[in-house]
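Following: one structure in structure tokens, then a few remarks.
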Amino acid sequence: MAKNKKQNKKELADMEENFPQWYTDVISKTEMVDYSPVKGFMVIRPYGYAIWENIQKEFDKRFKATGHQNMYFPLLIPKSMLEKEAEHVEGFAPEVAWVTKGGDKELNEPLAVRPTSETIICSMYAKWLHSYRQLPFLYNQWCSVVRWEKTTRPFLRTSEFLWQEGHTLHETAEEAQAETMQMLNIYREVAEEVLAIPMLTGRKSDKEKFAGADATYTIEALMHDGQALQSGTSHNLGQHFTKAFEIQYLDRNNEQSYPYHTSWGVSSRLIGGLIMVHGDENGLVLPPKIAPVQIVIIPVAQHKEGVLDKAYELKKILEQNYRVELDDSDNSPGWKFNQWEMKGVPIRLEIGPRDIENGQAVLARRDTSEKITVALDEVGTQAGDLLDAIQKNLFEKALKMREEKTSSAENMDEFQEKLAENPGFIKAMWCGDRACEDQIKEQTGASLRAVPFDEEQEIIGDGTCVCCGKPAEKVAWFARAY
RNA sequence: CGAGGUGUAGCGCAGUCUGGUAGCGCACAUGGUUUGGGACCAUGGGGCCGAAGGUUCGAAUCCUUUCACCUCGACCA
């Protein structure tokens, strides 16, 4: 019996020893996803999809508040259209899935399953835009895209993934840049304030930027195992696509002009980040603002008179303000505790005969496993305070973890040493040369994640490039990445 | 695409070396006793042993081919 107990407890792999296995265990045991019959494609189950819906809501309301509207473009893109912007096609060609037949008839022109929608959207923008009076174009779409990946992992890299892609046109380069930054800031805000994940923000190197962009900006998070996760990108596309697609309009001077273009996206990959930043040895830990269930009520000795009635009464009160679930299945309380902990529910409310007698209930928080006893008429307010505290604590914990896993290096030996003994971000001066970036990647496995913005810039050591030793102006953050 | 590994009940596995009635744990179903950190007893259902071919009186087990998945590397949100 004791042996069985032990085996049951071992449901999740040890996260320090085998993090990938822990991750796989968590997402499948919590019923977030399952593998589908098609390689690399996953099924998102209700618990996982509920998280995605909450993420969508948070972003969508901010997109709308900044003047964007949603629209929807087709799944398929003609081959010739995808090929109009040279860098773009070169970047995406290796991972495009093609439709070549309709029924049993060969198509005249193969159709790409969209890997991203710049091209088809631009082709339509070219038809719609005539005058500067119509600008800016501020549109977004929620959809899925397909990229034929060689190795896949649920949420982090799958052949199809859910995302949103914003595509905007502007009169001036300045406006496009402002839009690019505005959206990056929204990404950061949602990531930090809602998902409780601290983000490094900055610019991508030319090597890492989007195929066809002038500049790519990124939010980068650090996972529990010290690997970075690119969590969202905002691109200033300049006039690459608008020229390639001949999007022209009559400007204020009555002359034909090309608008400036941006695109930006976050994906269901964020869910992977959520899991790998906050999760612990007991499974998921979800920030209250995103958790599908914020409070789970677990009746104890529910067969006893009055217990379930009281539990339902509490549910009715709590669900006016919170997302609440009552587990009245006939599993044992202990089993339920573990089950809902694994699912990451922020607060558990225990109510049993003893509590009812004393006019109280027990609240247990997922992040610290503290338990407090509260009077029944204060459960609502106390739970609210707790949820706020948990939200805050998760962010602070994640920030502390990132700080502990961030080092700086002045030369390559130090770089390798520090990355080996404390995997995470390495801050190092970088001269800006592609050759140095390549060499760092090759020697250490770490890629350049971002060059932080000026206000977060600093000088490491004597200010020379960590790789070639030549004078360098900027510090860059490196890490191994998902 | 390189290097390793694994396919046996829904899940996790044993059995394969040495061929001979397909098993264990969990989960599931029914009944009962339980319930404040993964309860217990009893009974029961569930299998083309990844697929195809071969050797053999007989194949989960031996041989050949093939497919799928996983882990680690190179490419990518």
Side-chain angles (χ1 to χ4, degrees), chain A residues 1-13 18-21 23-25 28-29 31 34-40 91-96 115-116 144-153 155-165 187 204 207-211 216 218-221 228-235 263-273 282-283 298-304 307-308 328-342 348-356 358 360-362 364 369 371 373 441-442 445 447 480-482:
Chain A
M1 188 177 79
K3 204 169 139 200
N4 283 345
K5 224 173 185 176
K6 214 175 162 193
Q7 278 174 353
N8 288 342
K9 276 225 149 187
K10 281 257 169 227
E11 246 176 323
L12 301 175
N18 192 347
F19 194 64
Q21 188 59 51
Y23 178 83
T24 310
D25 287 349
S28 62
K29 298 248 157 80
E31 301 184 340
D34 203 351
Y35 294 90
S36 83
V38 187
K39 179 181 155 61
F92 281 103
E95 43 186 359
V96 171
T116 177
S144 71
V145 289
V146 170
R147 299 180 189 177
W148 216 261
E149 299 286 354
K150 296 198 170 90
T151 41
T152 58
R153 300 190 56 194
F155 293 125
L156 300 175
R157 168 154 299 109
T158 46
S159 296
E160 179 187 13
F161 56 93
L162 302 176
W163 80 345
Q164 85 22 244
E165 45 179 330
Y187 286 169
K204 285 284 186 195
K207 174 188 165 93
E208 300 279 342
K209 77 179 186 189
F210 178 76
T216 289
T218 181
I219 54 173
E220 298 275 329
L229 185 73
Q230 179 172 310
S231 306
T233 45
S234 186
H235 313 292
S263 74
W264 26 275
V266 292
S267 73
S268 43
R269 176 179 248 196
L270 282 171
I271 299 173
N282 293 321
I298 301 197
V300 177
Q302 63 187 37
H303 61 290
K304 294 214 171 128
V307 172
L308 270 184
D328 60 358
S329 67
D330 53 10
N331 292 304
S332 73
W335 188 90
K336 291 178 189 174
F337 292 172
N338 284 287
Q339 193 63 18
W340 290 102
E341 265 169 20
M342 191 161 71
R348 176 180 74 239
L349 188 156
E350 301 171 21
I351 180 90
R354 208 165 68 204
D355 299 309
I356 293 170
N358 298 327
Q360 64 185 36
V362 174
S369 49
K371 278 192 186 188
T373 305
K441 176 87 198 275
E442 187 157 325
S447 53
R480 295 212 172 126
Y482 277 97

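Letters go in sequence order (proteins before strands), and every chain restarts at 1. Since the structure is predicted, the reported quantities are computational estimates derived from the model, not experimental observations.
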Open item on the list: Tell me if the side-chain of Asn331(A) makes a donor-acceptor pair with the base of G38(B), cut-off 3.5 Å, by modelled atom types.
Closed with: no

Open item on the list: Say we look at A77(B) and A60(B): how far apart would their C1' atoms be, to the nearest angstrom?
Closed with: 43 Å

Open item on the list: Would you say the base of A77(B) stacks on Phe161(A) (centre-to-centre below 5.5 Å, plane angle below 30°)?
Closed with: yes

Open item on the list: I want to verify a distance call: between A77(B), U35(B), G38(B), whose nearest atom is closest to the Gln339(A) side chain?
Closed with: G38(B)

Open item on the list: By nearest heavy atom, map Asn282(A) and Arg147(A) onto RNA chain B; which one lands nearer the 5' end?
Closed with: Asn282(A)

- [ ] Please tell me which of Arg354(A) and Phe155(A) maps to the more 5' nucleotide of RNA chain B, matching each residue to the nucleotide holding its nearest heavy atom.
- [x] Arg354(A)

Task: Results of salt bridge (Lys or Arg N to Asp or Glu O under 4.0 Å) for Glu160(A) - residues two or more places apart only - done: none

TODO: Could you tell me whether the phosphate oxygens of A77(B), OP1 or OP2, come under 4.0 Å of any side-chain nitrogen or oxygen in Ser267(A)?
DONE: no

Task: Given G38(B), A77(B), G36(B), the nucleotide with the shortest approach to the side chain of Gln230(A) - done: A77(B)

- [ ] Please name all residues satisfying salt bridge (Lys or Arg N to Asp or Glu O under 4.0 Å) with Arg147(A), sequence neighbours left out, ordered by chain then number.
- [x] none

Dump every N/O contact between nucleotides 70-74 of chain B and the protein below 3.5 Å, one line per pair.
from, atom 1, to, atom 2, distance (Å)
A74(B), N6, Thr151(A), OG1, 3.4

Task: Arg348(A) charged N/C atom sitting above Phe337(A) aromatic ring, 6.0 Å / 45° - done: yes

TODO: Just label C48(B) as syn or anti from its O4'-C1'-N9-C4 or O4'-C1'-N1-C2 angle, using within 90° of 0 for syn.
DONE: syn

